[in-house]
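Only one structure is covered here, and it is reproduced in the block below.
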Amino acid sequence: MKAFLLNITLALLLFSCSTKDERVTEIASPNEKVVVDFNINKQGRPFYLVKFNNQTVVDTSYLGFEFKDVPAFHKNFIIKNTSTSTFNETWQMPWGEQLDVVNNYNELRIELQEKTTPERFLNIVFKVYDDGIGFRYEFPEQARLRGEVFITEEHTEFNLTEDYKTFWIPGDWDIYEHLYNTTNLSEIDALQYANHKNLAQTYIPENAVNTPVTMVGKDGIHLSFHEAALVDYSGMTLKVDTENLNLKSNLVGSKNTDYKVKRSMPFNTPWRTIQITDNAPDLIESKLIVNLNEPNKLGNVSWFKPMKYTGVWWEMHLGKSSWDYGMTQDMSTWTDGGKSHGRHGATTENVKNFIDFSAKNNIGGVLVEGWNTGWEHWIGFEDREGVFDFVTPYPDYDIDEVVRYGKEKGVSIIMHHETSAATETYTKQQDTAYALMQKYGMHAVKSGYVGKILPKGEYHHGQYMVNHYNNAAIKAAKYEVAVNAHEPIKATGLRRTYPNIISREGLRGQEFNAWSSDGGNPPEHLPIVAFTRMLSGPIDFTPGIFNIKFDEYKKDNQVNTTIAQQLALYVVIYSPVQMAADLVEHYEANPKPLQFIRDVGVDWDKSVVLNGEVGDYVTIARKERETGNWFVGGITDENARSLKLDFSFLDEDQSYEAIIYKDGENAHWNNNPLDIEIEKTEFDKTSQLTLKLAEGGGFAISLKKK
């Protein structure tokens with residue numbers, strides 16, 4: 001096995017400048033294409049600007065803080081010292097889109113001090129990569145600022161130089177489950193969006209956007225703004241000044257406090273990040289976000305195995321069965337309760353059926369939702385604190401027998417913990433719940449946080465919940481449990497530091513296609529997601545719906561893609577856990593396309609983005625770690641298009657048996673979504689192929705070594 005760190009080169013401290021005449025306030029990336037300038041103005045206000053290919057992309061942008069009960073931190077600074085260094089290493093992902101990750105940057109550290117009383121200190125650190133920058137604030141230990149610090153607002157600016165085409169969702173403090181908007185930066189109106197959508201269950205206090213927010217310039221520059229290493233801090237939205245083309249940090253707050261962040265000195269903020277490329281594919285290939293996180297703190301996590309899984313899930317969204325033991329669960333009337341009908345999904349018999357199917361089809365796990373008591377009173381009820389019990393199954397679910405049967409068949413059971421956002425209930429039961437999983441040898445849990453946060457007044461994306469999500473995952477690791485969080489805080493690369501943070505939702509997922517009154521996710525949704533939400537980390541999107549129309553369950557809803565695109569998503573939308581989300585009977589009725597799900601990998605040695613444009617289309621090739629086989633997936637929006645593929649990424653002197661799953665001649669996401677053609681051929685690295693993608697369509701290719 002390769003060493004954990006490969007080709008490590010530490011040329012730290014290229015030079016350190018400590019005198020006024022020698023201070024360095026500019027730093028370039030290793031390839032010198034990205035340049036950061038830092039300085040202070042006449043009022044002592046710190047600012048920076050960013051250049052890419054000799055063009056200013058972020059102009060003079062000021063930095064600072066406001067505090068409760070102490071003076072603000074935004075002017076009257078002097079530069080006490082600057083230092084620069086360089087760093088270059090190659091580290092390995094225990095699981096991921098690739099095995100080896102190059103972490104190469106140049107660093108500029110600026111030490112500031114107020115020139116007026118109370119003469120406090122603040123450091124700002126920039127790391128400049130070939131694919132963008134990260135910077136953070138460091139509050140060093142000091143006599144002039146002690147104890148707890150209460151931040152009422154962080155003022156980090158991104159002053160843009162162009163009215164970029166922008167792909168955005170509103171700066172909602174509670175959910176990320178919105179459709180993306182495509183407008184110019186000057187046209188962003190998150191508040192009007194909320195009013196138009198009548199989003200009564202969300203909270204959008206400012207004309208702000210959530211991150212990652214991605215922008216495309218007229219000359220091909222691509223920018224994406226986000227944050228990395230979000231720990232013990234509030235999530236950051238970006239307030240939009242449409243007249244001045246300016247973004248400014250707007251931290252998520254709480255109704256329970258008159259501050260947004262409480263920290264004990266000394267501390268560092270999360271990294272504020274800008275990914276910068278001259279094309280769309282390089283945004284996806286960027287590893288800036290994970291590189292800005294600390295190395296693995298858990299050590300060996302081989303107890304977690306990337307896997308495909310099936311489960312008791314989609315059938316509830318369709319209305320075939322319910323989460324609870326004896327009540328209806330119509331997604332459009334969650335608060336109604338309903339009448340008893342006896343259609344509970346998580347029965348021993350039903351789960352065994354999924355286990356049998358998974359065992360036959362190279363699928364390693366089965367998710368079971370609705371197995372535990374509490375679902376009759378879980379959402380829409382003010383007194384739901386203490387409702388869920390995370391160790392007690394319903395009478396028709398024999399957990400001992402299910403686990404035994406799964407082990408016999410070589411299939412793992414994935415635990416489900418829906419908290420209904422009653423966080424204190426979950427925190428109190430975590431040790432018991434994780435210990436139960438450890439007893440049964442369950443190594444993965446899907447957690448959920450549907451509803452308004454309890455205690456009242458907190459939001460999903462504030463500091464209270466950031467700490468809750470992170471602490472839950474850290475505790476889970478002690479029991480060898482990996483976490484796939486739904487209704488989560490945004491991904492910020494912590495999977496590097498805590499590799500048991502395996503995936504999360506954090507977007508408008510597949511389930512909206514089953515019941516949303518607006519018709520579900522439009523065909524452009526995922527070609528946008530690949531260049532926005534996916535830049536932050538793995539997505540549990542639950543692909544693989546074969547029964548596209550499902551008229552027998554919902555006549556007014558459907559999945560708005562072709563079946564070929566559903567296959568492509570296993571490659572395009574990355575996650576180390578990938579669900580074959582449809583019902584067993586729908587797969588058994590379509591054995592030929594099912595073969596791709598049987599074959600496709602989930603853990604990759606290498607990933608290559610072959611082509612793409614934000615919001616239009618994307619094609620990704622990934623090489624499986626264990627076998628060296630390659631898989632390719634391509635998707636398009638509502639527009640049909642032809643894509644030419646070059647297979648030069650394949651291994652030298654190696655031929656492959658290729659199976660191509662593509663849209664049929666008459667395929668269309670709405671009119672004819674099941675039209676698919678499957679053909680076999682042989683490829684090597686000299687091969688080329690042109691494929692036609694239907695409206696809302698796609699293709700998938702498996703390439704097995706001969």
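The shown structure was predicted, so the numbers you read here are calculated from the model rather than taken from an experiment. Each residue takes its place number in the sequence, starting with 1.
- Side chain of Thr237 to main chain of Val209: no donor-acceptor pair is present (N/O by atom type, distance under 3.5 Å, no hydrogens or angles).
- Tyr259 contributes no side-chain N or O that, together with a main-chain N or O of Gly253, makes up a donor-acceptor pair within less than 3.5 Å.
- Using modelled atom types, no side-chain atom of Glu424 and backbone atom of Glu385 make a donor-acceptor pair closer than 3.5 Å.
- Taking the six-membered ring wherever Trp is involved, the centroid distance between the rings of His417 and Trp371 does not fall below 6.0 Å.
- Under the 6.0 Å cut-off for aromatic ring centres, Phe65 and Phe139 qualify, their centroids lying closer than that.
- For Arg533 (side chain) and Glu505 (main-chain N/O), a donor-acceptor pair under 3.5 Å exists by modelled atom type.
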- [ ] List the steps and the verdict of salt bridge (charged side-chain N to carboxylate O under 4.0 Å, His left out) for Glu626 and Lys305.
- [x] CA-CA 12 Å; Glu626 287 190 3; Lys305 304 294 184 186; over 6 Å; no
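- Taking the six-membered ring where the residue is Trp, Trp515 and Phe512 present tilted rings, their angle falling between 30° and 60°.
- Side-chain atoms of Lys308 come within 3.5 Å of backbone N or O of Ile597 as a donor-acceptor pair.
- The shortest heavy-atom contact between Ile175 and His461 is N-CE1, 3.5 Å.
- In the model, Tyr574 has no side-chain atom that pairs as donor or acceptor with a side-chain atom of Ser607 under 3.5 Å.
- The aromatic rings of Tyr105 and Tyr129 sit tilted relative to each other, their planes meeting at an angle between 30° and 60°.
- Side chain of Glu480 to main chain of Gly441: no donor-acceptor pair is present (N/O by atom type, distance under 3.5 Å, no hydrogens or angles).
- Remark: Asp389 engages Thr373, Val391, Thr392, Gln429 in a side chain to side chain contact (heavy atoms under 4.5 Å, CB included) (not counting sequence neighbours).
- Salt-bridge annotation for Lys260 and Glu153: present, with a side-chain N of the basic residue lying under 4.0 Å from a carboxylate O of the acidic one.
- Judged as a side chain to side chain contact (heavy atoms under 4.5 Å, CB included), and not counting sequence neighbours, the contacts of Glu294 are Lys297, Thr497.
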Task: Step-by-step salt bridge (charged side-chain N to carboxylate O under 4.0 Å, His left out) determination, Arg272 to Glu227 - done: CA-CA 5 Å; Arg272 280 58 190 102; Glu227 57 183 317; 3.0 Å; yes
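- A donor-acceptor pair under 3.5 Å links the side-chain atoms of Arg504 to the main chain of Lys490, judged by distance alone.
- Although no hydrogens or angles enter the test, the distance criterion places no donor-acceptor pair under 3.5 Å between the side chain of Trp95 and the main chain of Pro306.
- Screening His460, His468, Glu418 for a side chain to side chain donor-acceptor pair (under 3.5 Å) with Tyr449, the sole residue that qualifies is His468.
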- [ ] Report the C-alpha separation of Gln98 and Glu285 in whole Å, then their side-chain angles, then the decisive distance to 0.1 Å, and conclude whether the side-chain hydrogen bond (donor to acceptor under 3.5 Å, both in side chains) test is met.
- [x] CA-CA 10 Å; Gln98 61 201 62; Glu285 292 194 4; over 6 Å; no
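- The aromatic ring centres of Tyr570 and Phe631 sit 6.0 Å or more apart.
- Checking side-chain atoms of Arg263 against main-chain N and O of Asp232 turns up a donor-acceptor pair under 3.5 Å.
- Side-chain N or O atoms of Glu376 include one that pairs as donor or acceptor with a backbone N or O of Tyr325 at under 3.5 Å.
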